[in-house]
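Single-structure report; data block below.
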Amino acid sequence: MTDQAQSSEALARDRRLQQGIDQYGVGSWELNLATRELSWSVTARRLFGVAPDAPVNFDTFLSLIDLEDRERVAQAIQRAIDHGDNLDLMYRVADRQPSHWLRSRGGLVKEDGGAGYLCGIVLDVDQQKVLEQELRLQQSQLRSILDTVPDAMILIDGRGIMRFFSSAAERMFGLTEKEAIGQNISILMPRPDATRHDNYISRYNSTGERHIIGIGRIVTGQRKNGSTFPIHLSIGEMESGGERYFTGFIRDLTEYQQTQARLHELQAELVHVSRLTAMGEMASALAHELNQPLSAISNYMKGSRRLLAGSRDPNTSKIENAMERAAEQALRAGQIIRRLRDFVARGESEKRVESLAKLVEEAGALGLTGAREQGVVLRFRMDPSNDSVLVDRVQIQQVMVNLFRNALEAMSNAPRKELSISNTRVADDMIEVTVSDTGAGIPDDIKAKLFQTFFTTKDTGMGVGLSISRSIIEAHGGRMWAETNSAGGATFRFTLPIAPGEDLNDGA
Ligand SMILES: Nc1ncnc2c1ncn2[C@@H]1O[C@H](COP(=O)(O)OP(=O)(O)O)[C@@H](O)[C@H]1O
Ligand SMILES: [Mg+2]
């Protein structure tokens, strides 16, 4: 074969190679370092949007790169030329909306004595970039979700090694992500779970039997400092790259359990107090009813003793004595009843500075259970600047619960069901609380009797709620009354003393 034939054979092979590469979307390029002329394959031209016959040089190339990437690309190419670095660049094409990504790879080819060439390929990596960006977006979305939810998230692999540890998990367990990742999840559990956890996983891996996955459970967690706390744990599972992973979502139940305990405590207190106050009411009713017969008894005694005074009966002095005792006992009976009433009305009350909003909220938790299910709209409009009152918490909650229950009962058949609670300053030292409903309201003939003990219009009513409530409010130095509101329902108002030290100028 002649030299000429050999070189034309080589040229043909080059061309075939070139075409082959071009067919798969990979363009090729060659930069003559002496002339700065560029030669681009068909595909390279297509990728840059340049006509097949248009002359191109290095400056044309730079002008086709997005301004934001241009400087970086020019510098990298200069480094490749100066130091022989390999080129691998991703950049955006100029004037494309949305932006479009290309990738160039190449290297220096020196010819003896000459300045040489920079040669390489260029390909479209837009899809890859879009995916990458989507992935990054999803990752940051996931991060922000995990940062926001109070639940902690931990990812472990099939051997129980922690691979992801959310910032909520850091807070919950007092352990940094760095400390946690790579460690076995069992460090977050007290014994005996900690020692058994590896077995749990391997049992699941071999049997596929689910004990906790997809179900969720209350278990105990252990912080870095060794203290333990109740958690609700739900576990999901997934597979990636042939490996099994488990995701755990963890909610700290400490506060929840405290709230539950507090609610139970409150409920118990209220039951206790309502029994006490009902007793008080009973006692004052009894005192009232018994006072008359008791004073009648002592009057009859006095009369009888006067009659006896002129008698010659030898037993006179004994009878007189007995009558005097009887009168004393009648008097004592009256005193006992009066003391009982005073004890229940005034005693046992413990006044403290309390937050009205909190009182309303707690009383609502007890008195308004089921309200939303009944379709009642609740409007709490508590003014935080008039919040501090000096009261006996349990007693005032008793009043609120009474009013809430009455309102719900009054609205049970009403077409419109709205319950509003608000507060406002009414004097320098008093705050007025308003409880309004859209129930049947209060007929005029009933208004006067509303607060009387044992007055009720309900079949199963006791008729003591409002009378007790009014005595509680009056024992606090406040007033309580009822009105008919514009919706035709009832509005109950009561006043309470502002906590001392609450600046009087606040409202001015
Ligand atoms: N929000 C209200 N709307 C209409 N009537 C009410 C309301 N609250 C109380 N009442 C009337 O006052 C009466 C006395 O209430 P209360 O002392 O709490 O006793 P009870 O609820 O046991 O009847 C009720 O039977 C009812 O007729
Ligand atoms: Mg009632």
Side-chain angles (χ1 to χ4, degrees), residues 266-267 269-286 288-289 341 344-345 359-360 362-372 374-381 394-423 432-476 478-496:
L266 270 175
Q267 230 147 4
E269 269 181 77
L270 274 180
V271 168
H272 176 69
V273 158
S274 61
R275 221 180 284 136
L276 251 184
T277 15
M279 230 173 72
E281 286 300 315
M282 219 63 103
S284 47
L286 274 181
H288 187 73
E289 297 298 324
R341 184 176 64 173
V344 188
L359 291 179
V360 169
E362 288 179 346
L366 295 168
L368 294 172
T369 40
R372 285 198 174 85
Q374 276 175 43
V376 176
V377 179
L378 301 175
R379 298 215 165 87
F380 289 77
R381 297 201 185 96
V394 176
Q395 289 189 350
I396 296 306
Q397 282 178 342
Q398 168 84 11
V399 171
M400 290 172 176
V401 170
N402 270 326
L403 294 180
F404 293 167
R405 303 292 336 167
N406 279 345
L408 292 187
E409 282 162 8
M411 291 192 292
S412 62
N413 293 317
R416 191 175 143 200
K417 301 181 185 191
E418 286 172 35
L419 178 60
S420 321
I421 300 116
S422 60
N423 60 325
E432 183 180 293
V433 180
T434 308
V435 178
S436 283
D437 62 52
T438 53
I442 306 153
D444 279 343
D445 54 325
I446 280 183
K447 214 168 209 159
K449 303 181 200 150
L450 226 46
F451 291 92
Q452 283 175 12
T453 317
F454 305 128
F455 172 79
T456 180
T457 55
K458 300 168 192 169
D459 292 341
T460 55
M462 277 264 289
V464 291
L466 286 179
S467 79
I468 293 173
S469 300
R470 184 180 258 176
S471 9
I472 290 174
I473 296 300
E474 286 174 355
H476 280 79
R479 286 197 313 124
M480 182 171 193
W481 68 102
E483 296 163 359
T484 300
N485 59 39
S486 59
T491 294
F492 282 83
R493 295 179 197 276
F494 60 89
T495 54
L496 291 172

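None of the values given here were measured: they were computed from a predicted structure. Numbering of ligands and ligand atoms starts at 1, following listing order.
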For Ala490, the ligand 1 atoms with a heavy-atom partner under 4.0 Å come out as 1 (N), 2 (C), 3 (N)

For ligand 1, which atoms, with element, lie under 4.0 Å from some heavy atom of Phe455? 14 (C)

Going from [atom1] on [X] to [atom2] on [Y], what distance comes out if it is rounded to the nearest 0.5 angstrom?
X      : Y      : atom1 : atom2 : result
Leu403 : Ser469 : CG    : OG    : 5.5 Å
Arg493 : Trp481 : CZ    : CH2   : 6.5 Å
Leu466 : Gln452 : CG    : CD    : 11.5 Å
Met480 : Thr495 : CE    : OG1   : 10.0 Å
Asn423 : Thr434 : CG    : OG1   : 8.0 Å
Ile472 : Gln395 : CD1   : CD    : 5.0 Å

For [X] and [Y], which heavy atoms make the closest approach, and how far apart are they?
X      : Y      : result
Ser467 : Ser471 : O-OG, 2.8 Å
Thr438 : Lys417 : OG1-CA, 3.5 Å
Ile442 : Glu483 : CD1-O, 4.0 Å
Ala363 : Val401 : O-CG2, 3.8 Å

Nearest option to [atom], as decided by whichever heavy atom of [options] sits closest:
atom                    : options                        : result
atom 4 (C) of ligand 1  : Gly489, Gly441, Ser467, Gly465 : Gly441
atom 17 (O) of ligand 1 : Leu466, Thr491, Asn402         : Leu466
atom 21 (O) of ligand 1 : Lys458, Gln452, Arg470         : Lys458

Note the single closest protein heavy atom to [atom], along with its residue, its atom name and the distance in Å.
atom                    : result
atom 19 (O) of ligand 1 : Gly463 CA, 3.3 Å
atom 8 (N) of ligand 1  : Asn406 CB, 3.3 Å
atom 27 (O) of ligand 1 : Thr457 OG1, 2.5 Å
atom 23 (O) of ligand 1 : Thr456 OG1, 2.6 Å

For Glu418, the salt bridge (Lys or Arg N to Asp or Glu O under 4.0 Å) test, sequence neighbours excluded, returns Arg379, Arg416

Looking at ligand 1, does Leu450 have a heavy atom less than 4.0 Å from it?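 For ligand 1, residue contact (heavy atoms, under 4.0 Å) with Leu450 is present.
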
Run the contact test for Ala440 against ligand 1 with a 4.0 Å cut-off on heavy atoms, strictly below, and give the result. no

Can you list the residues that meet the side-chain hydrogen bond (donor to acceptor under 3.5 Å, both in side chains) rule with Asp437, with sequence neighbours excluded?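 Checked Asp437 against side-chain hydrogen bond (donor to acceptor under 3.5 Å, both in side chains); zero matches.
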
Using a 4.0 Å heavy-atom threshold (strictly under), name the region of Asp437 that reaches ligand 1: side chain, backbone, both or neither. side chain

Using heavy atoms and a threshold below 4.0 Å, how should the contact between Phe451 and ligand 1 be classified: side chain, backbone, both, or neither? neither

Expected list for residues 404-414: side-chain donor-acceptor pairs under 3.5 angstrom, two or more places apart:
from, atom 1, to, atom 2, distance (Å)
Arg405, NH1, Gly367, O, 2.8
Asn406, OD1, Lys458, NZ, 3.1
Glu409, OE1, Lys458, NZ, 2.5
Ser412, OG, Glu409, O, 3.2

Atom 6 (C) of ligand 1 touched by protein heavy atom at under 4.0 Å: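 For atom 6 (C) of ligand 1 the answer is no, since every protein heavy atom stays at 4.0 Å or beyond.
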
Close to the Mg ion (ligand 2), meaning under 2.8 Å, how many protein N, O or S atoms are there? 1

